[in-house]
Amino acid sequence: MYQAILIFDFLTRQWPLMPSDASPTPASDDPVGSQAPTELTNLPDTPVNARTAPRLAELLSTPAAKGTSQQDAYTRDHISPYILEDFNTSRVYLSFEMFLHKVMNLPDDWQSDAHFMRCLDALEADTELRGKMDAYFVQCDVKNHKEQTLYVPASAVFNRATDVLAKLDGIPQDDTVYVYRQDKRRIHGSLDRADICPDLCTTIYRLWRTSKNNNHLDEVEERGPPNPVGYGQLIEWTDCKAVRRLIDGGVGAYAVLDKDRQDPRDKMNMQHALREAIRSDALTVASRLSDGARKRPSNSQAESSAKKKLKSQPSNAASSAHEFAERLETSYQCADYALQFMNDGGLRNHSFGNLICDDRLQLMYYDHSCIAVAKPLNMRADRRMLMLYLRPPSYRYPPEVEAVPGELQRLRKVNEDWYNILSGQVLLLQDQTGPFEVTLGRVIDRQTGIIGRCTFIVNATCASRWPGIELIVKITWSPTSRTSEAEFMQSVQEVAAHSGADWVLDHVPNILHSQDFPHLPDQVGGRLSAFLNSLHEDDWASSPGEFKYEDRVMRVSVHEKLYKLSELDTVSNHAQVFHDVVQVHRWLYDFPRILHRDISHSNIMWHRRRGRICGVLNDFDLSSFRDNTAPSSKQRTGTRPYMARELHQGAKISIRHLYRHDLESFFYVLLLLTGAYKLLDEPEVDEITKEKCYLLGDEKSPYKEWSSLHESLLKSEKEGLVRSPLNPYTHPSFQKLSGQIVNARLFLFYGSLAQQTNDARRAQAQAQAQWGGSFAPMVPSAQTGEYDDETLGGHWTYNNFLDCIGAGLPFERMYPVPCALN
């Protein structure tokens with residue numbers, strides 16, 4: 001049913017004309033219960049590109065799991081809402097030829113390029129290549145053929161084209177790019193799902209053999225390389241399907257009109273049939289995705305009920321909905337492959353992929369700003385265009401387009417321990433005094449996502465600049481429109497020095513160096529940005545309209561190391577950290593006028609200063625200056641389990657982010673810390689991160705599903721929690737903070753009540769103005785005072801919340817009198 005709601009949400013976003021009563025209505029009356037170092041001199045050439053997506057490290061801070069490691073709790077359900085959101089809001093559909101030009105770097109003047117034309121002539125004249133293509137199409141014509149029968153014939157076509165072109169240009173075989181069958185073997189070094197891998201993969205031929213064993217190409221196409229292969233060594237992936245109907249027809253995508261001013265999307269987009277399917281029972285139809293290809297455990301009774309309902313539906317509606325669900329699942333599967341390439345292959349910023357459905361070829365490109373999809377090519381009917389795709393490798397895989405640009409990504413050895421994927425790599429940075437080297441160590445954390453910052457946090461050392469200091473290197477793909485975290489901290493230091501508030505510097509990150517590496521205009525991100533952002537309104541299909549590509553930079557910053565909440569050993573230390581960060585958060589709001597906008601579990605950290613534990617408010621990548629009213633990014637801010645209820649409105653609805661929204665996020669962080677974990681007397685060593693950990697997931701927690709709930713359901717859970725007559729659940733090990741949680745929830749409840757009353761009064765006033773005496777008042781007109789929306793009627797305030805946290809505890813109030821909210 002969860003997957004059904006995701007698909008239903010996709011459908012209703014695409015077609016606003018659908019009946020409003022078709023949307024799901026989640027109910028929640030009572031959701032709570034009792035290798036050698038390599039110098040990285042080519043980093044500036046790394047293309048960096050797109051929007052801010054939710055951080056997986058944040059999403060997985062709350063599920064009850066054995067240990068607090070995010071990876072222990074990770075399932076496909078945790079990421080699917082975000083892939084679907086990316087698919088829904090950032091997908092651009094292009095004609096096949098336009099995709100070749102703008103994404104795959106096909107020269108505009110290719111017909112006048114003598115070498116290029118000589119290569120195409122060689123491909124078209126090669127009888128062996130034609131024979132392999134014919135053999136592939138013969139396999140496509142076999143009745144009821146399985147997709148596995150297409151793997152080797154498809155590989156043979158691509159590899160023969162490579163042989164022809166390599167021979168023509170005199171390229172050694174070891175330096176050529178080949179396609180092989182991957183489905184029979186796992187890809188090593190995957191952090192999340194070692195059992196999920198594409199059907200075909202593309203890599204450098206030298207990886208296919210050892211010095212003692214020179215494998216024949218045919219053997220490798222069928223069996224794969226003899227050596228272990230990791231994502232860092234792969235260039236491209238291909239997924240094969242036996243039927244054409246699974247091709248992405250562009251339903252709901254932003255579409256660029258082709259050179260003939262035609263919409264490249266499938267004109268039979270099934271809109272009418274899908275509406276009928278939704279009216280009949282879209283949720284039941286779509287729930288088929290709970291099993292099948294994704295192999296998620298399902299409730300047998302619910303599955304049986306879904307199948308019975310499905311059989312009772314009109315055949316045309318059910319068939320259309322089934323077909324759409326299959327297409328969406330295929331698109332998800334392709335995005336999932338891209339996700340793994342971008343997250344498990346090192347510091348990648350994009351991924352190339354192919355979807356082959358019978359005799360149709362669809363090209364796909366993913367980066368942190370968009371998902372570009374090509375209109376499918378009929379390989380049987382348009383072999384000339386296919387030859388353009390199989391063009392010289394120097395065009396197909398130019399250096400700036402490679403999925404593994406630079407030595408940092410081209411890992412020489414496969415490491416089963418993903419957290420050591422960057423260990424020993426040397427990062428070459430530069431400041432005003434000159435270049436310096438930072439040696440990377442074990443990965444601490446990373447975001448999982450396609451569209452967004454996708455932050456990597458890595459242990460590091462730098463003996464030349466900061467000897468003896470524990471460091472971390474933070475690498476993000478940040479929007480150019482955003483103020484950098486280093487700029488925020490510079491402002492904080494200046495204001496703190498001017499106002500004498502030196503205490504503040506103990507509670508914010510110490511950023512030692514920050515450096516940006518923008519993509520260049522001739523790189524794929526630069527080309528896409530220039531192309532998409534130069535288009536006019538009439539260059540796009542009328543619905544859903546224009547798409548703006550968000551430019552990004554790869555931002556590398558060096559920080560003094562901070563420590564996680566899971567490394568705190570007592571309840572009072574946790575309370576002290578929260579008491580500190582709430583105060584510094586308000587000071588930042590009042591004086592440098594910075595609103596954090598991403599309060600979450602992993603953004604609240606600590607270190608020791610002068611023998612005292614100090615809470616640190618970390619990660620200002622999504623923050624903004626209050627006086628800057630211009631949008632800083634396309635994507636809203638926040639991490640779903642901790643977002644204020646009002647902000648759960650969907651990506652396309654703009655809600656002004658207020659101070660009280662961050663304050664509400666602090667409440668959810670404290671709630672989930674005390675209600676989703678138990679505090680251990682003795683630490684355990686996390687098997688993956690190798691860190692000491694005092695927190696263990698609480699299996700009884702009513703909040704363990706918050707990280708994977710769809711947005712509408714999560715909002716409902718939070719509304720139910722605030723209004724519930726029951727006290728919020730707290731694990732016994734955090735019992736000392738149960739009173740603080742109860743009192744803070746009461747303030748939030750009273751504020752919510754005041755907000756609802758005010759909304760009802762406004763609605764009444766509007767109705768009376770419209771209908772006059774014919775309108776019967778339903779809300780008492782008496783009003784006790786003017787409602788203040790910034791504080792929910794004076795209930796949800798800094799002082800009230802701080803009093804709750806510090807009740808009965810001897811904490812110093814460093815910022816006792818805040819400025820008035822304005």
Using the side chain to side chain donor-acceptor pair (under 3.5 Å) rule, take Asp580 and Gln576 through it: C-alpha gap first, then chi angles, then the decisive distance, then the call.
-> CA-CA 6 Å; Asp580 289 348; Gln576 175 71 70; 2.9 Å; yes

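- Summarising the geometry, atom OG belonging to Ser624 is positioned 6.0 Å from atom CZ belonging to Phe488; distances are rounded to the nearest 0.5 Å.
- Taken from OH in Tyr668 to CG in Leu663, the straight-line distance is 11.0 Å, to the nearest 0.5 Å.
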Kindly determine whether Val92 and Tyr549 satisfy side-chain contact (heavy atoms from CB on, under 4.5 Å), including the steps that lead there.
-> CA-CA 10 Å; Val92 177; Tyr549 185 98; over 6 Å; no

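- A cation-pi geometry, defined here as NZ or CZ lying under 6.0 Å from the six-membered ring centre and within 45° of its normal, does not hold between Arg745 and Phe667.
- Not a single donor-acceptor pair under 3.5 Å links the side chain of Ser491 to the backbone N or O of Glu487.
- For the pair Asp698 and Lys704, the salt-bridge criterion is not met [side-chain N within less than 4.0 Å of a carboxylate O].
- Salt-bridge formation is detected for the pair Asp803/Arg813: a Lys NZ or Arg NE/NH1/NH2 atom is positioned less than 4.0 Å from an Asp or Glu carboxylate oxygen.
- Atoms NE2 and CZ, on His579 and Phe811 in that order, are 7.0 Å from each other to the nearest 0.5 Å.
- Asp598 places no side-chain N or O within donor-acceptor distance of the main-chain N or O of Leu622, the cut-off being under 3.5 Å.
- Proximity of a side-chain donor or acceptor of His574 to a complementary backbone N or O of Val571 within less than 3.5 Å is not detected.
- Checking side-chain atoms of Glu485 against main-chain N and O of Asp619 turns up a donor-acceptor pair under 3.5 Å.
- Under the 6.0 Å cut-off for aromatic ring centres, His585 and Tyr659 qualify, their centroids lying closer than that.
- Residue Lys715 qualifies as enclosed at atom NZ: its count of foreign heavy atoms under 6.0 Å is above 12.
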Checking side-chain contact (heavy atoms from CB on, under 4.5 Å) for the pair Thr730/Leu737: CA distance, chi angles, key distance, verdict?
-> CA-CA 8 Å; Thr730 303; Leu737 294 180; 5.7 Å; no

Check step by step if side-chain contact (heavy atoms from CB on, under 4.5 Å) holds for Trp706 and Leu721.
-> CA-CA 12 Å; Trp706 277 28; Leu721 169 80; 4.1 Å; yes

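- No donor-acceptor distance shorter than 3.5 angstrom exists from the side chain of Asn533 to the backbone of Lys548, with no hydrogens or angles considered.
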Can you check salt bridge (charged side-chain N to carboxylate O under 4.0 Å, His left out) on Arg656 and Asp789, steps first, answer last?
-> CA-CA 12 Å; Arg656 182 187 171 209; Asp789 189 54; over 6 Å; no

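- Ser716 and Glu719 share no side-chain donor-acceptor pair at under 3.5 Å.
- In this structure, the side chain of Glu790 does not engage the main chain of Leu821 through any donor-acceptor pair within 3.5 Å.
- Note that CD of Glu664 and CG of Leu647 are 8.0 Å apart. Values are rounded to the nearest 0.5 Å.
- Judged by distance alone, the side chain of Arg640 and the main-chain N or O of Glu711 form no donor-acceptor pair under 3.5 Å.
- Looking at Trp477, its side chain never comes within 3.5 Å of a backbone N or O of Thr455 through a donor-acceptor pair.
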Kindly determine whether Phe666 and Tyr642 satisfy ring-ring contact (aromatic ring centres under 6.0 Å, His included), including the steps that lead there.
-> CA-CA 8 Å; Phe666 277 121; Tyr642 314 107; over 10 Å; no

Candidate pair Asp590 and Tyr815, rule side chain to side chain donor-acceptor pair (under 3.5 Å), full reasoning = CA-CA 11 Å; Asp590 287 345; Tyr815 189 48; 2.6 Å; yes

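- Checked for salt-bridge contact, Glu550 and Arg482 miss the test: no charged N lies under 4.0 Å from a carboxylate O.
- The closest donor-acceptor contact from the side chain of Thr757 to the backbone of Leu753 lies under 3.5 Å.
- The CZ atom of Arg645 sits 13.5 Å away from atom CD of Glu717, with the distance rounded to the nearest 0.5 Å.
- Proximity of a side-chain donor or acceptor of Arg453 to a complementary backbone N or O of Pro479 within less than 3.5 Å is not detected.
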Full working for side-chain contact (heavy atoms from CB on, under 4.5 Å) between Leu709 and Tyr703 | CA-CA 10 Å; Leu709 283 178; Tyr703 319 119; over 6 Å; no

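- In this pair, His596 and Phe620 present their aromatic rings perpendicular. The plane angle is above 60°, beyond the 30 to 60° band.
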